[in-house]
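Please read the structure below before turning to the comments.
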Amino acid sequence: MHAAPRATIELQTRDGLRSFQLDPEETFYLTRKVVAQDDPEVERFLSRRPDCPQIAYLADRWTLLNESRSRRVRVAPPRGGYEEVGRGGAVRLNPGRTVLYFGPKGEIQVGVVIGPAAEPDGETETQSGTLTYRGPEPTPQVERMLVQQSSRTVLVAVLAPWLSGDPALQDLKDRAVAAQCAGFSVGYVDKVLKEVRAGLWPDTAARPSRAELAEYFLTRGLLGAADMLTLRHVACGHHRSH
């Protein structure tokens, strides 16, 4: 018998962040009333229950069910990339932060945070397997940079093309565009990249490309597609999320 891992809904609204703790015994409906908050521009992309996306605990896994009659849901899992879930479709939600996008341009964004899997009741069996190398351990310096808002924002911007796989963000491969998106100078972007590379790979001959850096952060679960919500889109021309 497995205990359900903790699951939380996060909504960024005009009044700040709202969150809902999910009950594994109940279905959570992403309705107009829950998501739109009387916003007519948002409301038109959502339906009333039960014809709307739903989150439920099924077969020992938190699952997104899209019961909307006409709307698709775009899902960004913690490991990166996107998945489209059409009417009647379902996708399991893995530990970490998954972002759900509604609307033709992703105007509505809902975060779903799933905690680590709980240990099953009773005895557990340990299975051996192949250990996957995930790169060096993050140094205290790199950990501080991931917590510091400015440096984390820069890392998300400059690694976005590889973290998200979103075609709309491929121009961020240009460091100048990434700097504009993050709201900092190209010099500061280069400084953050240099410090991260030096902190993780002191050997100058072994410092990775940005694609390899993104893979490192994805593999360790330190950054992912859900972090695209933190992009400021200051002067880059991208759509800014609400």
Side-chain angles (χ1 to χ4, degrees), residues 5 7-14 17-20 22-24 26-114 156 159-172 181 214 218 223-231 233 236-242:
T8 307
I9 292 284
E10 294 181 345
L11 301 176
Q12 187 64 48
T13 70
R14 295 171 179 175
L17 184 69
R18 298 174 62 206
S19 63
F20 303 87
L22 301 188
D23 184 342
E26 299 179 1
T27 299
F28 188 89
Y29 296 88
L30 292 166
T31 64
R32 292 177 179 176
K33 183 177 181 181
V34 170
V35 178
Q37 288 193 310
D38 300 321
D39 185 337
E41 292 300 315
V42 173
E43 190 173 274
R44 62 196 178 99
F45 292 113
L46 295 165
S47 302
R48 300 179 178 86
R49 60 186 299 178
D51 303 317
C52 64
Q54 307 166 16
I55 297 174
Y57 192 65
L58 304 172
D60 294 329
R61 293 290 296 272
W62 286 104
T63 305
L64 168 73
L65 307 166
N66 186 15
E67 299 297 340
S68 173
R69 294 178 179 177
S70 59
R71 305 292 182 186
R72 300 177 69 83
V73 180
R74 199 178 194 194
V75 180
R79 283 295 307 275
Y82 288 90
E83 181 175 351
E84 296 279 349
V85 182
R87 178 185 176 186
V91 62
R92 290 183 173 181
L93 302 175
N94 293 318
R97 177 178 280 98
T98 297
V99 182
L100 313 179
Y101 295 85
F102 305 84
K105 295 182 180 179
E107 292 88 343
I108 313 163
Q109 299 178 3
V110 177
V112 186
V113 182
I114 307 297
V156 171
L159 302 179
W162 300 277
L163 291 175
S164 72
D166 187 347
L169 298 178
Q170 294 305 300
D171 59 346
L172 292 176
C181 191
L218 281 169
L223 292 174
D227 287 289
M228 297 307 105
L229 285 172
T230 67
L231 287 179
H233 299 302
C236 57
H238 299 127
H239 171 75
R240 187 168 185 175
S241 61
H242 295 291

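Just so we're clear, the structure is a prediction, and the values are computed from it rather than from any experiment.
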Quick one: pull up OG1 in Thr27 and CG in Leu58 and give me the separation to the nearest 0.5 Å.
-> 7.0 Å
Partners meeting side-chain contact (heavy atoms from CB on, under 4.5 Å) with Ala76 (sequence neighbours left out) | Tyr82, Val99, Tyr101, Ala225
Contact check, side chains of Cys181 and Leu172, non-hydrogen atoms, under 4.5 Å | yes
Quick note, salt bridge (charged side-chain N to carboxylate O under 4.0 Å, His left out) partners involving residues 85-100, not counting sequence neighbours, are Glu10-Arg97
Shortest non-hydrogen contact between Pro77 and Val75, atoms and distance = CD-O, 3.5 Å
Check the pair Ile9 / Val112 against side-chain contact (heavy atoms from CB on, under 4.5 Å), numbers first and verdict last.
-> CA-CA 5 Å; Ile9 292 284; Val112 186; 3.8 Å; yes
Taking every heavy atom of Leu65 against every heavy atom of Ala90, the minimum-distance pair comes out as CD2-CB, 3.5 Å
Nearest-0.5 Å distance, OG1 of residue Thr98 to CG of residue Leu64 | 9.0 Å
Apply side chain to side chain donor-acceptor pair (under 3.5 Å) to Asn94 and list each qualifying residue two or more places apart in sequence or on a separate chain.
-> Arg61
Glu84 meets the salt bridge (Lys or Arg N to Asp or Glu O under 4.0 Å) criterion, sequence neighbours left out, with Arg72, Arg74
Can you measure from CG (Leu93) to CD1 (Ile55) and round to the nearest 0.5 angstrom?
-> 6.0 Å
Check Pro161 against Leu169 and note the closest heavy-atom contact, atom names and distance.
-> CG-O, 3.4 Å
Does the Asp227 side chain pair with the main chain of Val156, one donor and one acceptor, at a distance under 3.5 Å?
-> no
Can you see which heavy atom on Cys52 is nearest to which on Leu30, and at what distance?
-> CB-O, 3.7 Å
Do you know the tightest heavy-atom contact between Trp162 and Ala214?
-> CB-CB, 3.4 Å
